[in-house]
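Convention: sequence-line order gives letters A, B, ...; per-chain numbering from 1. A quick note: this is a predicted structure, and the numbers were derived from the prediction, not measured.
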Number of protein chains: 2
Amino acid sequence: LIDQTKLPAELITIKVKTVQQLREAIVSLKVRGAPLLGAAGAYGCALAAFGSTFDDPEMLLEELDLAGDSLRSARPTAVNLSWGVRRALSAAKGHNSVHAIREAVLEEAKRIAEEDVAINRTIGRLGSRLIESGDRILTHCNAGRLACVDYGTALGVIRSAVEEGKKVSVYACETRPLFQGSRLTSWELSEDGIPVTLICDSASGLLMRRGMVDKVIVGADRITRDAVFNKVGTYTHAVLARAHKIPFYVAAPISTFDLEHVEREVKIEERDPDEVRRAGDLTISPPFVRAYNPAFDATPMELVTAIITEEGIFRPPEMPRVL
Amino acid sequence: LIDQTKLPAELITIKVKTVQQLREAIVSLKVRGAPLLGAAGAYGCALAAFGSTFDDPEMLLEELDLAGDSLRSARPTAVNLSWGVRRALSAAKGHNSVHAIREAVLEEAKRIAEEDVAINRTIGRLGSRLIESGDRILTHCNAGRLACVDYGTALGVIRSAVEEGKKVSVYACETRPLFQGSRLTSWELSEDGIPVTLICDSASGLLMRRGMVDKVIVGADRITRDAVFNKVGTYTHAVLARAHKIPFYVAAPISTFDLEHVEREVKIEERDPDEVRRAGDLTISPPFVRAYNPAFDATPMELVTAIITEEGIFRPPEMPRVL
């Protein structure tokens with residue numbers, strides 16, 4: 001895995017050998033991004049399968065269930081992680097040897113990773129129809145290559161538009177508290193030569209009021225029938241986009257949808273208040289001050305212009321038919 | 001002066017002996033806050049008057065004009081700075097000795113500082129009528145004791161409400177890029193024992209959607225007939241407040257008003273992009289990525305519920321009669 005906490009200063013990869021190590025890497029956001037967490041969840045089950053000392057298939061399946069629970073709980077709001085675990089566990093069923101279970105889980109993890117790249121390319125190709133040459137696009141957090149196995153969802157749409165010869169520039173919101181916009185989005189777009197300008201999250205209102213933003217595109221961590229869950233701050237941009245009559249697009253694979261729940265049933269992960277009290281190693285507030293650090297927010301469907309998936313573009317309340 | 005860039009880690013004061021030193025302290029935000037800049041501007045003229053080697057009153061007045069221009073240009077959007085300089089320069093006129101000019105300028109600077117405390121107390125007393133016990137108030141940047149000679153404008157209203165026995169709690173937005181909310185507001189409210197919770201700027205939408213905010217109160221750097229200029233991010237909170245039917249109050253002395261200009265005529269100060277590319281000494285983005293760093297934004301009067309001044313509370317488009 002690329003250790004995403006070290007970017008942009010260092011591009012280093014880490015080897016993860018156990019479920020515990022993977023769980024720690026997910027909690028600490030070394031590996032992050034909704035689609036990538038789907039693949040990571042499945043590979044985590046493969047690690048559990050190959051690491052197990054059980055030689056009884058039933059016992060191994062029980063151990064895999066426990067490993068799946070542990071992985072899922074690392075980021076409870078991100079639905080793709082659960083989805084990847086579930087696919088791997090389903091693939092594990094119905095085999096009568098430990099060897100066959102291991103192979104099936106690993107194959108499923110590899111399949112998810114391969115599919116993810118193809119899905120992102122399709123999302124990009126479909127979504128780029130919404131982009132016109134000259135568009136200045138605001139995005140939040142990182143829904144790019146780093147958040148996926150490759151290519152990206154929101155940034156995949158932008159990459160596709162650029163590949164088709166459209167001139168596009170991007171405003172990357174820095175995304176406090178963990179600066180995924182500064183550290184990841186501005187880095188990966190710069191690497192590709194796509195013009196990108198970094199802004200503080202709260203400046204998005206000023207940019208929209210000045211007519212500097214044509215479209216907003218973000219990724220998603222979970223999509224219920226009534227809301228899009230994504231990095232905290234997304235809802236703020238969505239309200240501003242509506243107030244300024246700017247289209248607000250969400251780009252995400254079908255695996256991000258959760259039509260079994262509605263907004264009020266989804267618990268939003270709260271992370272360590274120190275992420276707000278500090279910026280990296282820098283202490284920026286009195287050490288004992290209270291801080292509130294929700295990792296995600298929910299944008300009601302009424303504010304979403306369209307959701308771009310590999311199965312087509314949907315304008316809420318319309319939802320993908322495959323679900 | 002308190003060196004506000006060192007808070008909350010260290011509470012240290014610095015001695016400023018020349019106009020150049022004061023200008024540097026203003027540019028680097030060692031001294032900041034609209035009302036405080038009014039007093040600083042006047043004291044800067046006093047420094048120029050006492051530091052001058054001219055013994056001709058006319059020559060001294062010309063030197064003071066130049067010193068005033070230099071000070072004003074340090075923060076062009078903040079109107080109180082110009083106002084303080086203008087008051088000091090007016091006081092300098094009509095004297096026929098260098099000695100008399102010096103004394104007049106210094107007296108005027110002292111008067112501004114004394115008046116500022118009284119004005120803030122009045123703003124607090126009047127504004128606290130708008131606050132009910134139990135209110136959870138969101139604020140942005142620092143419009144507190146540190147931004148003024150003492151007491152504060154937006155935080156003065158909160159202090160007055162607390163002094164009257166109302167139970168009030170505050171959400172302090174951290175205020176990227178320079179963290180005045182984390183470093184200053186959370187520190188000064190904690191010192192006073194007023195409950196304060198720090199949040200990332202972009203989380204204000206989530207809080208409002210969850211019904212966690214009853215009122216928004218901010219300060220101002222300039223108030224034209226059509227807009228309130230304040231720290232970047234203020235407009236974003238104002239749009240959100242309107243969308244959630246939450247009152248949006250501005251607390252500022254009459255010296256913040258500039259009815260000679262309208263929004264489109266006011267240039268918004270752009271600061272060093274490194275403030276966005278970095279967090280303190282921490283590099284959080286690729287070093288050459290473009291960044292856009294407007295220091296202020298403009299909130300149109302339609303979004304302002306009321307402006308709290310020492311001359312009363314005004315509901316736009318109503319403006320103070322003294323102007």
Side-chain angles (χ1 to χ4, degrees), chain A residues 8-9 140 171-177 179 181-183 186-187 189-191 195-207 209 231-240 242-244 268 273 276-277 279-294 296-298 300, chain B residues 8-9 140 171-177 179 181-183 186-187 189-191 195-207 209 231-240 242-244 268 273 276-277 279-294 296-298 300:
Chain A
H140 190 68
Y171 286 109
C173 294
E174 61 175 7
T175 317
R176 274 287 288 163
F179 295 114
S182 321
R183 295 190 299 104
S186 78
W187 178 78
L189 291 176
S190 297
E191 291 276 302
V196 56
T197 302
L198 197 58
I199 60 166
C200 290
D201 301 323
S202 77
S204 65
L206 172 143
L207 266 76
R209 184 163 162 79
K231 179 60 56 202
V232 67
T234 302
Y235 172 60
T236 288
H237 302 310
V239 170
L240 288 163
R242 173 57 51 93
H244 295 87
I268 286 184
V276 179
R277 282 192 287 249
D281 295 332
L282 194 73
T283 297
I284 47 170
S285 63
F288 300 112
V289 73
R290 242 185 92 164
Y292 177 53
N293 186 22
F296 303 97
D297 62 23
Chain B
H140 190 68
Y171 287 108
C173 294
E174 61 176 6
T175 317
R176 276 285 289 162
F179 295 114
S182 320
R183 295 191 300 103
S186 79
W187 178 78
L189 292 175
S190 296
E191 291 276 302
V196 57
T197 302
L198 195 59
I199 60 166
C200 290
D201 301 322
S202 78
S204 66
L206 172 142
L207 266 75
R209 184 161 163 80
K231 179 61 55 203
V232 67
T234 302
Y235 172 60
T236 288
H237 303 308
V239 170
L240 288 163
R242 173 58 51 94
H244 295 87
I268 286 186
V276 180
R277 283 191 287 247
D281 294 333
L282 194 73
T283 297
I284 47 168
S285 63
F288 299 112
V289 73
R290 240 184 94 163
Y292 176 54
N293 186 21
F296 304 97
D297 61 23

What is the distance from atom [atom1] of [X] to atom [atom2] of [Y], rounded to the nearest 0.5 Å?
| X | Y | atom1 | atom2 | answer |
| --- | --- | --- | --- | --- |
| B/Asn293 | A/Leu198 | CG | CG | 10.0 Å |
| A/Leu206 | B/Thr234 | CG | OG1 | 10.5 Å |
| A/Arg176 | B/Cys173 | CZ | SG | 12.0 Å |

Name the option with the most non-hydrogen atom pairs under 4.5 Å to chain A; the candidates are [options].
| options | value |
| --- | --- |
| B/Ala172, B/Ala279, B/Pro195, B/Ala298 | B/Ala279 |
| B/Val232, B/Thr236, B/Leu207, B/Val196 | B/Thr236 |
| B/Gly233, B/Ala9, B/Ser204, B/Pro273 | B/Gly233 |

Can you name the nearest heavy-atom pair linking [X] to [Y], along with the distance?
| X | Y | result |
| --- | --- | --- |
| B/Val239 | A/Ala243 | CG1-CB, 3.8 Å |
| B/Cys200 | A/Val276 | SG-CG2, 3.9 Å |
| B/Ser285 | A/Ser186 | CB-OG, 4.2 Å |
| A/Ile284 | B/Arg183 | O-CG, 3.1 Å |

Select one option (side chain, backbone, both, neither) describing which atoms of [X] are under 4.5 Å from chain B's heavy atoms.
| X | result |
| --- | --- |
| A/His244 | side chain |
| A/Tyr171 | neither |
| A/Ala203 | both |
| A/Pro177 | both |
| A/Pro286 | both |

What part of [X] lies closer than 4.5 angstrom to a heavy atom of chain A: side chain, backbone, both or neither?
| X | value |
| --- | --- |
| B/Phe288 | neither |
| B/Leu189 | neither |
| B/Asp201 | side chain |

* Asked: So, A/Ser190 side chain and B/Val289 main chain: donor-acceptor pair closer than 3.5 Å or not?
  -> no
* May I ask you to decide if B/Tyr292's main-chain N or O and A/Thr197's side chain share a donor-acceptor pair within less than 3.5 Å? => no
